[in-house]
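Residues take their numbers from the sequence shown, with the count starting at 1. Please read these numbers as outputs of a predicted model, since none were measured by experiment.
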Amino acid sequence: MTSSVDWVTPDTTVVKVAQLMKKDDVGSIPICQDNNLIGIITDRDIVLKVVAAGGNTNNVSCKDIMSKDIISVTADQDVHEAANMMSKYQVRRLPVIENGKLVGIVAIGDLAIEKIHINEAGDALSDISQGAHH
């Protein structure tokens with residue numbers, strides 16, 4: 001997992017989040033309050049809930065569009081479980097939580113680095129990519 005994770009607060013504007021996504025080259029950013037993970041926002045959330053809806057991006061905060069149903073793992077969970085969760089929930093990154101606190105992010109690319117898990121990560125990525133076309 002990556003332990004240095006950029007996160008934002010619920011009051012952060014979606015413009016700032018989009019800029020952070022560009023800087024980090026990621027498609028999702030965790031939302032934290034007092035270091036507790038309370039939501040996540042994706043580039044898709046911004047496009048569908050703000051841009052496509054004709055909203056003024058300058059006036060929209062994360063709390064307005066973030067997902068509160070967070071799919072996450074703990075640091076001691078098996079990488080196979082993480083790969084299965086990515087495939088099941090069609091996500092490429094999972095927040096890593098310990099006692100409600102964000103301690104890292106595991107990305108599908110992290111799983112692919114583990115040689116013994118490359119097929120599983122590939123299967124998860126294939127499932128995710130296919131899901132995008134439905």
Side-chain angles (χ1 to χ4, degrees):
M1 75 172 186
T2 302
S3 54
S4 58
V5 179
D6 281 329
W7 54 270
V8 296
T9 66
D11 294 322
T12 304
T13 66
V14 294
V15 171
K16 287 200 172 125
V17 171
Q19 291 166 343
L20 192 57
M21 287 176 176
K22 181 179 179 183
K23 177 181 87 69
D24 292 348
D25 192 26
V26 297
S28 62
I29 300 283
I31 316 295
C32 295
Q33 185 120 39
D34 301 323
N35 227 30
N36 289 313
L37 182 67
I38 60 165
I40 197 156
I41 189 167
T42 66
D43 47 8
R44 184 174 165 91
D45 290 329
I46 295 170
V47 170
L48 297 180
K49 296 175 182 175
V50 183
V51 178
N56 180 344
T57 53
N58 294 323
N59 299 332
V60 179
S61 297
C62 291
K63 65 178 175 263
D64 300 324
I65 65 166
M66 70 183 188
S67 300
K68 293 177 186 156
D69 297 329
I70 306 159
I71 310 304
S72 63
V73 292
T74 58
D76 59 357
Q77 268 184 281
D78 187 87
V79 290
H80 295 279
E81 290 179 71
N84 288 337
M85 289 176 73
M86 287 177 184
S87 179
K88 179 179 179 183
Y89 295 105
Q90 304 291 290
V91 295
R92 295 169 187 260
R93 294 162 56 95
L94 292 170
V96 182
I97 308 298
E98 291 298 331
N99 300 317
K101 308 266 189 237
L102 179 68
V103 295
I105 292 271
V106 64
I108 198 159
D110 298 333
L111 301 180
I113 290 168
E114 295 288 325
K115 299 273 187 260
I116 58 170
H117 303 295
I118 199 156
N119 290 339
E120 201 168 346
D123 290 346
L125 183 57
S126 174
D127 290 348
I128 291 167
S129 297
Q130 290 172 4
H133 294 47
H134 290 144

If you look at every heavy atom in [X] and [Y], which pair is closest and at what distance?
X	Y	result
I38	P10	CD1-CG, 3.4 Å
P30	V5	CG-CG1, 3.9 Å
G39	I70	N-CD1, 3.3 Å
R93	A107	CG-CB, 4.0 Å
K16	T12	CB-CG2, 3.7 Å

*List the steps, then state whether side-chain contact (heavy atoms from CB on, under 4.5 Å) holds for L102 with V96.*
CA-CA 6 Å; L102 179 68; V96 182; 5.9 Å; no
*Hey, is the main chain of N36 close enough, under 3.5 Å, to the side chain of D34 for a donor-acceptor pair?*
no
*Are T74 and Q77 close enough that some pair of their side-chain heavy atoms sits under 4.5 Å apart?*
yes
_Any non-hydrogen side-chain atom of I105 less than 4.5 Å from a side-chain atom of L94?_
no
*Audit row: D11, T9, side chain to side chain donor-acceptor pair (under 3.5 Å) steps and yes/no*: CA-CA 5 Å; D11 294 322; T9 66; 5.2 Å; no
*Return yes when atom NZ of K101 has more than 12 non-hydrogen atoms of other residues, nucleotides or ligands closer than 6.0 Å, and no otherwise.*
yes
*asked:* Please determine whether the number of non-hydrogen atoms from other residues, nucleotides or ligands lying under 6.0 Å from atom CG of N99 exceeds 12.
replied: no
*Can you tell which of V8, I29, I46 makes a side chain to side chain contact (heavy atoms under 4.5 Å, CB included) with C62?*
V8
_Among M85, Q90, M86, side chain to side chain contact (heavy atoms under 4.5 Å, CB included) partner for I71_ = M85
Rounded to the nearest 0.5 Å, what separates atom [atom1] in [X] from atom [atom2] in [Y]?
X	Y	atom1	atom2	result
M21	I41	CE	CD1	5.5 Å
I40	D69	CD1	CG	12.0 Å
S72	E98	OG	CD	10.0 Å

*Begin from the C-alpha positions of V47 and R44 and carry the test side-chain contact (heavy atoms from CB on, under 4.5 Å) through to its verdict.*
CA-CA 5 Å; V47 170; R44 184 174 165 91; 5.7 Å; no
*Working for side chain to side chain donor-acceptor pair (under 3.5 Å), residues T42 and D45*: CA-CA 5 Å; T42 66; D45 290 329; 3.2 Å; yes
[X] with [Y], same ILVMFWY side-chain cluster at under 4.5 Å:
X	Y	value
M66	W7	no
Y89	V73	yes
I31	V15	no

*asked:* Is there a side-chain contact (heavy atoms from CB on, under 4.5 Å) between C32 and L37? Walk through the geometry before answering.
replied: CA-CA 4 Å; C32 295; L37 182 67; 4.2 Å; yes
